[in-house]
Trainee: 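Below you will find the structure I want to go over with you.
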Amino acid sequence: MNDLNNSKGLTDLEAIIQDLITELENYAKRTDANLFYIDKRNALIQKLIDVYNSIDMLNLYDIWLNIEAKIKEIENKDKEISGHTIYLQMSPTGNNNSIITFNPFKL
């Protein structure tokens with residue numbers, strides 16, 4: 001089961017990227033290092049970094065994981081539910097709220 005209290009997938013991706021960087025740095029120190037291989041691996045690492053950065057822009061990642069888990073739990077109990085109302089408190093104080101309606105079937 002997924003750990004919903006942290007962004008494990010992002011943490012794992014970050015660790016993989018860091019491992020690839022370290023491995024490539026060590027390889028590049030070799031006297032017989034292949035420059036084509038280094039360039040190719042650098043390009044791959046950069047693509048992974050770009051993917052990580054695009055995912056990391058979702059500031060509410062952990063919250064949305066929990067919301068989605070709760071939605072699935074509720075829908076498993078009641079198959080006739082066709083929508084959800086979610087109140088998401090973004091500040092510990094205040095009472096100025098917005099309403100967001102999103103229908104992915106009307107895009």
Side-chain angles (χ1 to χ4, degrees):
M1 179 170 239
N2 290 338
D3 180 0
L4 297 177
N5 294 321
N6 65 44
S7 25
K8 183 172 176 1
L10 288 176
T11 303
D12 291 348
L13 180 56
E14 184 178 8
I16 290 167
I17 292 169
Q18 191 54 54
D19 287 347
L20 289 172
I21 290 170
T22 301
E23 289 173 8
L24 188 57
E25 287 173 345
N26 290 335
Y27 176 81
K29 292 176 186 175
R30 293 175 32 177
T31 56
D32 63 338
N34 181 317
L35 293 179
F36 177 75
Y37 175 80
I38 292 171
D39 289 343
K40 191 172 181 179
R41 293 299 277 194
N42 264 329
L44 171 64
I45 291 169
Q46 187 56 56
K47 287 178 185 176
L48 289 172
I49 290 170
D50 292 344
V51 168
Y52 175 86
N53 288 336
S54 70
I55 294 170
D56 197 38
M57 290 186 337
L58 185 56
N59 295 326
L60 303 175
Y61 180 79
D62 295 331
I63 293 170
W64 286 117
L65 282 178
N66 285 299
I67 289 172
E68 286 188 38
K70 192 64 175 174
I71 288 170
K72 288 177 186 175
E73 177 186 326
I74 292 167
E75 288 177 350
N76 283 334
K77 291 179 183 175
D78 185 347
K79 303 289 186 193
E80 294 186 31
I81 290 178
S82 62
H84 300 273
T85 300
I86 300 168
Y87 174 71
L88 180 59
Q89 184 81 27
M90 298 300 292
S91 173
T93 60
N95 200 12
N96 187 12
N97 301 305
S98 71
I99 296 175
I100 300 170
T101 303
F102 177 75
N103 184 344
F105 303 101
K106 291 185 178 181
L107 296 177

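We're numbering straight along the sequence, starting at 1.
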Trainee: Do the charged groups of K70 and E73 touch, with an N to O distance under 4.0 Å?
Mentor: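 Salt bridge present between K70 and E73.
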Trainee: Testing the 3.5 Å rule here: is there a donor-acceptor pair between the side chains of Q46 and N42?
Mentor: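 Q46 vs N42: no donor-acceptor pair found between side chains.
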Trainee: Would you compute the distance between atom CG of L13 and atom CD1 of I49 and round it to the nearest 0.5 angstrom?
Mentor: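 If we round to the nearest 0.5 Å, L13:CG and I49:CD1 are 9.5 Å apart.
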Trainee: Can you tell me how far apart NZ (K40) and CD1 (I45) are? Round to the nearest 0.5 Å.
Mentor: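 So the NZ of K40 and the CD1 of I45 are separated by 13.0 Å.
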Trainee: Taking L44 as the starting point, is it possible to reach F36 by hopping between hydrophobic residues whose side chains are less than 4.5 Å apart?
Mentor: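 No, it is not one cluster - the side chains of F36 and L44 are not joined through contacts under 4.5 Å.
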Trainee: Please check if F102 and I74 belong to a single hydrophobic cluster, counting links between Ile, Leu, Val, Met, Phe, Trp and Tyr side chain heavy atoms closer than 4.5 Å.
Mentor: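 In one cluster with F102: I74, no.
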Trainee: So if you build clusters from Ile, Leu, Val, Met, Phe, Trp, Tyr with side-chain heavy-atom gaps below 4.5 Å, do L35 and Y37 land together?
Mentor: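 Yes, one cluster joins them.
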Trainee: With rounding to the nearest 0.5 angstrom, report the CD to CD distance, E75 to E68.
Mentor: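 Atom-to-atom, E75:CD and E68:CD are 10.5 Å apart.
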Trainee: With a 4.5 Å cut-off on side-chain heavy atoms, are I71 and I81 touching?
Mentor: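 The answer is no, as the side chains (C-beta and beyond) never meet within the 4.5 Å cut-off.
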Trainee: If we only count heavy atoms from C-beta on, is the T22 to Q18 side-chain gap below 4.5 Å?
Mentor: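 With C-beta onward as the side chain, the pair touches.
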Trainee: Tell me, yes or no, whether the heavy-atom count around F105 atom CZ, taken from other residues, nucleotides or ligands under 6.0 Å, exceeds 12.
Mentor: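 Open: at most 12 neighbouring heavy atoms sit under 6.0 Å from CZ of F105.
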Trainee: What's the spacing between K106 NZ and T101 OG1 if we round to 0.5 Å?
Mentor: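 Rounded to the nearest 0.5 Å, the NZ-OG1 separation comes out at 10.5 Å.
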Trainee: Identify the two heavy atoms, one from Y27 and one from D32, that lie closest to each other, and give their separation to 0.1 Å.
Mentor: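 Taking every non-hydrogen atom into account, OH-O, 4.1 Å.
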Trainee: Measure the spacing between CG of L48 and CD1 of I16 and express it to the nearest 0.5 Å.
Mentor: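 These two atoms lie 8.0 Å from each other.
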Trainee: Taking the side chain as everything from C-beta on, heavy atoms only, tell me whether E14 gets closer than 4.5 Å to I17.
Mentor: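 E14 vs I17: side chains apart.
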Trainee: Can you tell me how far the CD1 atom of I100 sits from the CG atom of L88, to the nearest 0.5 Å?
Mentor: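 Atom-to-atom, I100:CD1 and L88:CG are 8.5 Å apart.
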